[in-house]
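Here is the structure we will look at.
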Protein chains: 2
Amino acid sequence: MGGVSAEPAKQTRRDQILAAAAELFARHGFHGVGIDDIGAAVGISGPALYRHFRSKDAMLGEMLTSISERLLDGGLNRVAASGDPARALRELIRWHVDFALDDPALITVQIRNLANLTDPDRRRVRALQRRYVEVWVETIRKTSPEVDEPTARAAAHAVFGLINSTPHSAHLDRDQMAALLSQMALASLSGALPVPGRVS
Amino acid sequence: MGGVSAEPAKQTRRDQILAAAAELFARHGFHGVGIDDIGAAVGISGPALYRHFRSKDAMLGEMLTSISERLLDGGLNRVAASGDPARALRELIRWHVDFALDDPALITVQIRNLANLTDPDRRRVRALQRRYVEVWVETIRKTSPEVDEPTARAAAHAVFGLINSTPHSAHLDRDQMAALLSQMALASLSGALPVPGRVS
DNA sequence: CGGTCAGGTTAACGCCCGTTTACGTGGACT
DNA sequence: AGTCCACGTAAACGGGCGTTAACCTGACCG
């Protein structure tokens with residue numbers, strides 16, 4: 001090694017492929033996209049992808065794993081960075097909204113293509129997702145102590161659904177969309193759970 | 001009504017197949033389910049399905065079309081049956097929540113497998129969905145007149161996402177889940193949009 | 001009774017598509 | 001200069017799966 005700036009070129013290749021594949025998977029579904037389509041999307045054609053990935057399944061696996069990791073890391077960071085629970089909850093919401101608005105394709109793929117994962121990959125992704133949900137559950141329960149855990153979990157999933165709806169609507173400009181989703185998410189939690197974390 | 005119970009036998013066959021297929025499609029995705037799997041699920045095997053449907057695509061088409069129709073009809077009825085907009089909105093929410101809780105498989109299929117539809121089928125389904133969204137948009141705008149149409153549409157999609165999250169969480173009993181989702185849905189609309197339809 | 005028809009069955013066909021193989025080629029390091 | 005090796009390509013393979021074909025049956029009806 002010893003190469004100073006050798007990697008970006010190589011890493012970029014894989015990432016470029018993953019990005020293109022994500023876009024295609026989101027639009028047409030995993031099985032609706034051929035290996036040739038993915039290749040064509042990055043200018044090479046067909047089996048050349050096997051220089052970069054072991055299989056088509058491996059692409060999806062890596063894609064979903066990295067999404068789940070990013071989501072979890074971001075969530076943990078936001079919570080750690082903000083002192084009180086109420087603020088943490090607002091930060092979590094903002095984080096998830098930003099993610100969904102910036103990478104709608106990734107959100108779509110993660111939701112729609114869990115079933116197409118290899119068993120071990122699915123286990124990994126599921127585990128990461130569970131931990132992310134737990135971050136939300138804990139934060140929710142700190143702002144609303146008497147909410148029981150199952151309810152908090154269901155509420156968290158509901159908020160994910162709300163925010164992840166973004167790929168289906170989209171025809172608002174980014175800032176308006178972010179504001180709308182954040183407000184709705186916060187309101188759905190504050191207004192519906194016992195002991196709202198906000199106004200009395 | 002004269003005829004007591006003549007038709008169910010024949011109609012039941014198709015419907016039985018559609019129900020089984022919906023369950024399977026929801027769990028494994030359209031392409032993850034073979035024609036043989038569907039057959040096995042209703043006790044017959046393989047190509048026998050072609051006595052009832054022209055093709056596998058036709059099954060999905062019929063399935064999604066009927067879901068969209070049921071959703072739209074129910075929505076229209078609920079709105080028509082309830083006088084003022086605020087009440088209509090609550091009825092719409094209840095209707096959608098009940099649907100999602102009673103037929104989670106159908107909800108999942110409708111969301112995840114639009115891409116697998118034939119072009120004409122997709123157009124049909126999309127049109128029905130659009131009309132259903134319009135019902136919501138109109139109701140929302142009647143309760144909150146100064147919300148512009150695009151915002152109302154985005155909010156409607158967000159609420160759908162919230163309610164449709166039900167297949168992913170589920171581990172609450174039905175009534176609690178219904179109450180939670182309804183409250184969150186209403187709160188997300190009331191609390192986030194200008195001129196909430198409820199309190200002050 | 002003999003014919004029709006709805007509803008099944010199994011076997012075969014044919015295509016699509018992921019994967020493998022065999023083969024080029026240009027740049028980087030010694 | 002010679003040698004690797006990362007990166008591509010085009011062609012062939014092979015399995016899975018939707019669909020079709022050919023054939024069977026029992027129920028109903030004239």
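Proteins get letters first, then strands, A, B, ... in listed order; numbering begins at 1 in each.
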Answer yes or no: is there a donor N or O on one side and an acceptor on the other, between the side chain of A:W95 and the main chain of A:N77, under 3.5 Å? no
Between atom CD1 in A:I38 and atom C1' in C:dG18, what is the gap in whole Å? 11 Å
Can you tell me how far P of C:dG7 sits from CZ of B:R14, to the nearest Å? 11 Å
Is the shortest side-chain N to carboxylate O distance from A:R153 to A:E149 below 4.0 Å? yes
Give a yes or no on this: more than 12 heavy atoms of other residues, nucleotides or ligands lie within 6.0 Å of atom CZ of B:R87. no
Atom-to-atom span, CG of B:D36 to P of C:dG8 - whole angstrom: 15 Å
Can you check the B:D57 CG to D:dG18 P distance for me, whole Å? 10 Å
Contact class for B:V42 vs. all strands (heavy atom < 4.0 Å): base, sugar-phosphate, or nothing? nothing
Here's a test of your reading of the structure: between B:F30 and A:S45, which maps to the more 5' nucleotide of DNA chain D? A:S45
Send over the distance from A:D37 CG to C:dC17 P, rounded to a whole Å. 8 Å
Presence of salt bridge, A:D148 and A:R141, under 4.0 angstrom: no
From C:dT9, C:dG7, C:dT19, pick the nucleotide closest to the side chain of B:A48? C:dT9
In Å, rounded to the nearest 0.5 Å, how long is the span from OG of B:S182 to NE2 of B:H96? 11.5 Å
Rounded interatomic separation in angstrom, taking CG from B:L60 and C1' from D:dG18: 15 Å
The contact string for nucleotides 20-28 of chain D, one letter per nucleotide 5' to 3', using protein heavy atoms under 4.0 Å with B, S and - for base, sugar-phosphate only and none, comes out as B-BB-----
Ranking C:dG8, C:dT19, D:dT19 by distance to the side chain of A:K56, first place goes to C:dT19
Rounded distance in Å - CG (B:L49) to P (C:dG7): 13 Å
Looking at A:R70 and A:D73, is there a salt bridge between them, counting it only when a charged N and a carboxylate O are closer than 4.0 Å? no
Base, sugar-phosphate, or nothing for A:I44, non-hydrogen atoms under 4.0 angstrom? sugar-phosphate
Rounded to the Å, how far apart are A:Q16 CD and D:dC7 P? 12 Å
Does D:dC17 have OP1 or OP2 under 4.0 Å away from a side-chain N or O of B:H31? no
Any ion pair linking A:R174 and A:D102 (charged N to carboxylate O, less than 4.0 Å)? yes
